[in-house]
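Notes to accompany the following structure.
These values consider heavy atoms only, across backbone and side chains, with no hydrogens, waters or symmetry-generated copies. Residues: numbered from 1 along the sequence shown.
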Amino acid sequence: MPPTDRLLAFAAMSFLLIVVPGPSVLFVIGRALAQGRRAALTSVLGNTLGAYTLVVAVALGVGTLVERSVLVFTALKLAGAAYLVYLGVKAIRGRRSLPAALTGGGATARGGLRTLGEGFAVGVANPKTIVFFAAVLPQFVDRDQGHVALQMLLLGLVFNAIALASDSVWGLAAATARGWFVRSPDRLALVGGVGGLTMIGLGVTVAATGRKD
């Protein structure tokens with residue numbers, strides 16, 4: 001168990017990082033606008049699981065490799081950016097089918113699992129989160145107390161609990177604003193396109209920013 005002062009300091013730093021919209025938040029907003037509340041919250045859950053996978057990776061030592069290797073970091077960043085662009089294009093191409101999707105059934109479970117997987121992929125490839133966990137997380141571990149990996153896993157739970165709450169608020173707010181568009185197929189198609197463009201723009205931004213050393 002990390003000392004209480006370190007735990008609180010890490011929670012505060014995590015909160016400051018999370019409240020600033022990044023890839024995960026913008027992805028959730030795009031999903032909320034394109035598909036609604038359920039898809040947004042499922043994406044949040046997927047993002048959270050993806051982020052915690054990064055925590056486990058750092059605890060096992062993979063984070064050090066990512067932080068030190070420009071090639072590994074760049075490859076992961078570009079993979080995440082390409083996936084965001086793919087999802088954005090997919091949302092734009094399917095925007096005319098959104099009204100039918102809202103009233104249809106049968107594929108809900110499979111669609112939910114697919115949305116969860118897409119959210120996971122975005123969460124695990126989030127450059128901002130990768131750098132934070134690789135460079136910042138280890139600094140809040142008290143190595144004198146031992147159980148370093150366990151301390152990192154606990155700190156990661158704190159981060160993800162804050163992220164889950166914050167991202168859910170963003171998603172619910174975006175889904176609520178979407179309600180006005182649902183009453184018109186043309187409006188819904190428009191907001192689906194906007195959500196897709198949001199994800200494409202985010203993918204381009206992720207690819208163009210970050211460490212270049």
Side-chain angles (χ1 to χ4, degrees), residues 1-32 37 40-70 72-73 76-77 80-81 84 116 118-177 202 205-206 209-213:
M1 177 77 177
T4 302
D5 57 340
R6 294 194 184 191
L7 192 61
L8 292 176
F10 179 78
M13 183 172 290
S14 298
F15 177 78
L16 292 175
L17 177 80
I18 290 167
V19 294
V20 177
S24 293
V25 169
L26 294 180
F27 174 73
V28 169
I29 290 175
R31 270 302 155 92
R37 179 179 294 126
L41 293 180
T42 303
S43 296
V44 170
L45 179 58
N47 272 329
T48 303
L49 293 174
Y52 198 70
T53 299
L54 294 176
V55 175
V56 175
V58 170
L60 296 178
V62 176
T64 302
L65 173 63
V66 173
E67 175 61 19
R68 291 180 179 177
S69 172
V70 176
V72 173
F73 180 87
L76 192 55
K77 181 183 75 168
L84 285 169
L116 182 70
E118 291 170 347
F120 177 88
V122 172
V124 81
N126 185 341
K128 184 174 73 170
T129 308
I130 292 171
V131 172
F132 181 79
F133 286 153
V136 178
L137 179 60
Q139 299 181 28
F140 288 87
V141 171
D142 187 348
R143 299 185 183 278
D144 293 336
Q145 290 192 10
H147 304 290
V148 172
L150 186 59
Q151 290 186 57
M152 288 186 178
L153 293 175
L154 178 59
L155 290 169
L157 283 176
V158 172
F159 179 95
N160 279 275
I162 297 172
L164 182 65
S166 176
D167 291 359
S168 295
V169 170
W170 279 107
L172 290 173
T176 299
L202 175 60
T205 301
V206 168
T209 59
R211 65 187 258 188
K212 303 178 184 299
D213 55 321

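By the 4.5 Å heavy-atom criterion applied to side chains, Thr176 and Arg37 are counted as neighbours. Side-chain contact between Glu118 and Arg31: present, with at least one pair of heavy atoms (C-beta onward) separated by less than 4.5 Å. No side-chain heavy atom of Asn160 sits less than 4.5 Å from a side-chain heavy atom of Leu164.
For Thr129, the side chain to side chain donor-acceptor pair (under 3.5 Å) criterion is met by Asn126, not counting sequence neighbours.
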Donor-acceptor pairs under 3.5 angstrom involving side-chain atoms of residues 44-55: please list them, not counting sequence neighbours.
unit_1, atom_1, unit_2, atom_2, d
Asn47, OD1, Gly123, N, 3.2
Asn47, ND2, Ser43, O, 3.4
Thr48, OG1, Val44, O, 2.9
Tyr52, OH, Leu153, O, 2.9
Thr53, OG1, Leu49, O, 2.9

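Ring planes of Phe140 and Phe10: perpendicular class, angle over 60° (limits at 30 and 60°).
When all heavy atoms are compared, the tightest approach of Phe27 to Gly119 is CE2-CA, 3.7 Å. Here the shortest heavy-atom pairing between Ala40 and Val28 reads O-CG1, 3.9 Å. Of all heavy-atom pairs between Ala32 and Gly171, the closest is CB-O, 3.5 Å.
Rounding to the nearest 0.5 angstrom, the gap separating the CG atom in Leu172 from the CG atom in Leu41 is 5.0 Å. Asp167 CG to Ile162 CD1: the interatomic distance, rounded to the nearest 0.5 Å, is 11.5 Å.
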